[in-house]
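Input: a single structure, listed below in structure tokens.
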Amino acid sequence: MYITSENGFFGDYGGSYVPEILRTAVDELAVAFEKYMKDPEFLAELKELQRDYIGRETPLMFARKATELLGGGQIYIKLEGLANTGAHKINNAIGQVLLAKKMGKTRIIAETGAGQHGVATAAACAKLGMECVVYQGEVDVRRQQPNVASMELYGAKVVAVKNGSRTLKDAVNEAMRDWATNFETTHYCLGSALGPAPFPDIVRTFQSIIGQEVKQQAAERGIKIDSLVACVGGGSNASGFFAPFFDDTEIKLYGAEAGGTGPELGNNASRMVGNAAKDGILQGYKSRFLVDDDGQAQETSSISAGLDYLGISPQLAMLGKTGRITFDAIRDDEALNAVSFFAKNEGVLMALESAHAAAYAMKLAPKVPKDKAIIINMSGRGDKDVFITSPVFRPESWKDFLRLELERLESNKNVHEKY
Ligand SMILES: *Cc1c(COP(=O)(O)O)cnc(C)c1O
């Protein structure tokens with residue numbers, strides 16, 4: 001059995017700290033979720049979308065050369081990056097948008113930081129015929145144009161949030177505000193395994209397809225699992241990958257956080273490693289947060305945009321505290337090294353987020369016996385990171401390329417005006 005919350009709490013963490021005006025919305029959602037997760041018709045539709053639209057199941061690949069080179073446990077990679085839209089986020093988005101449709105909602109809102117959850121939600125809404133509005137901080141809208149362009153292609157409206165630091169946490173606040181006003185017609189599709197209850201349970205449940213498939217794939221092929229490794233931003237891919245194994249304490253669970261450029265406060269996004277994060281209540285739930293003594297958000301830093309949120313899934317925080325999950329912080333340079341290593345040796349281009357898990361597995365492998373397996377969840381593929389990896393791996397030719405692009409645009413040549 002999966003470990004779910006008790007009345008929305010995971011030990012001391014979790015809960016549903018929302019203003020009175022949102023109480024009806026979260027209560028209605030909790031009831032509907034419980035109802036539809038037992039509804040055969042809903043489950044059949046979800047399964048069909050997972051198979052034909054997302055492209056499930058995703059492969060569990062033996063990384064033969066990586067295993068030889070690292071000289072220890074067998075390395076396997078769960079290729080979630082092959083899911084439609086390029087990452088695991090679609091598992092949650094499709095689940096929630098279908099649930100909202102069953103609830104009679106016609107409009108979906110979402111928050112997004114780097115834009116990955118916005119893209120997944122916009123795609124799911126296009127597929128299921130729902131209106132979609134994505135809140136994104138103005139700073140993020142400007143620096144994440146490729147994802148903004150994709151969201152708009154999928155027909156979503158992207159609203160640039162101009163409050164506060166104009167980044168992810170401000171987008172969450174704005175989405176909450178919209179939901180409070182419009183919940184009769186609108187569902188808030190939250191993007192990670194956090195926020196007020198019942199979201200952590202909902203998101204983990206829709207992502208658990210990852211761990212369920214791994215369990216079955218490993219059993220069919222006689223793979224003896226020693227450990228599972230996932231990166232942890234908000235905690236959705238890790239939750240879904242780990243959940244079917246929570247009770248199987250023979251199997252070790254490792255979470256890789258963003259170690260950024262080093263352990264000093266502000267240079268990373270480590271909520272579980274080090275002692276910079278504090279217990280607190282923010283954005284509707286109790287967990288560990290990177291805040292100062294006045295509860296104000298601390299700066300975070302990571303080369304991977306998906307791992308730099310200041311909070312973490314309350315369930316993962318609890319499981320870290322009890323020792324069920326071991327956390328480590330992986331630095332930017334270690335993640336970049338893992339991107340190169342798995343690209344060259346396995347032909348797999350990992351997202352920078354996923355590369356944090358891969359980098360941890362590289363350190364772990366020599367300590368694991370050769371007849372046992374380490375499974376890495378490749379939460380996403382790395383095509384989206386070309387604007388970050390290219391300036392690092394080949395800065396001069398990338399600058400030249402950008403200059404050329406700008407010249408081309410300014411001279412208006414080759415621009416397909418008729419579209
Ligand atoms: C968003 C994202 C993450 C981090 O989010 P979680 O909720 O921690 O899974 C990790 N990998 C990829 C590819 C992402 O897009």
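One-based numbering, in listed order, for ligands and for the atoms of each.
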Practice task
Identify, by atom number and element, the atoms of ligand 1 in contact range of G380, meaning under 4.0 Å from any of its heavy atoms.
Solution key: 13 (C)

Exercise for the section: Check whether any side-chain heavy atom of V291 lies under 4.5 Å from a side-chain heavy atom of Q296, and answer yes or no. Expected result: no

Practice task
May I ask you to list the atoms of ligand 1 that are less than 4.0 angstrom from any heavy atom of N237?
Solution key: 6 (P), 8 (O), 9 (O), 10 (C)

Problem - Nearest neighbour in protein (non-hydrogen) for atom 7 (O) of ligand 1 - result: S192 OG, 2.6 Å

Problem - Distance-only side-chain donor-acceptor flag, E257 / H356, under 3.5 Å - result: no

Exercise for the section: Answer with yes or no whether C231 contacts ligand 1, where contact means a heavy atom under 4.0 Å from a ligand atom. Expected result: yes

Handout entry: Any N or O of L307 closer than 3.5 Å to N or O of ligand 1
Key = no

Practice task
Would you check if R288 and M272 make a side-chain contact, meaning some heavy-atom pair closer than 4.5 Å?
Solution key: yes

Exercise for the section: State whether a side-chain donor-acceptor pair under 3.5 Å links N377 with N237. Expected result: yes

Exercise for the section: From the options H88, R381, Q207, R56, select the one residue that forms a side chain to side chain donor-acceptor pair (under 3.5 Å) with E80. Expected result: R56

Practice task
Would you mind checking which non-hydrogen protein atom is closest to atom 6 (P) of ligand 1, with the distance to 0.1 Å?
Solution key: S236 N, 3.3 Å

Handout entry: Protein contact to atom 4 (C) of ligand 1 [nearest heavy atom, distance to 0.1 Å]
Key = G306 O, 3.3 Å

Practice task
Please determine if G235 has a nitrogen or oxygen closer than 3.5 Å to a nitrogen or oxygen of ligand 1.
Solution key: yes

Handout entry: Check: Q283/Y309 side-chain N/O donor and acceptor closer than 3.5 Å
Key = yes

Handout entry: Heavy atom of the protein closest to atom 1 (C) of ligand 1 (residue, atom name, distance)
Key = K89 NZ, 1.3 Å

Practice task
Classify the side-chain pair Q212/Q216 by whether it contains a donor and acceptor separated by less than 3.5 Å.
Solution key: no

Handout entry: For atom 11 (N) of ligand 1, the protein heavy atom that lies nearest, with its residue and separation
Key = S379 OG, 2.7 Å

Handout entry: Side chains of D27 and V31 in contact at under 4.5 Å (non-hydrogen atoms)
Key = no

Fill in the blank from the handout: ligand 1 atoms nearer than 4.0 angstrom to some heavy atom of G233 are 8 (O)

Handout entry: Sub-4.0 Å heavy-atom contact, H88 with ligand 1
Key = yes

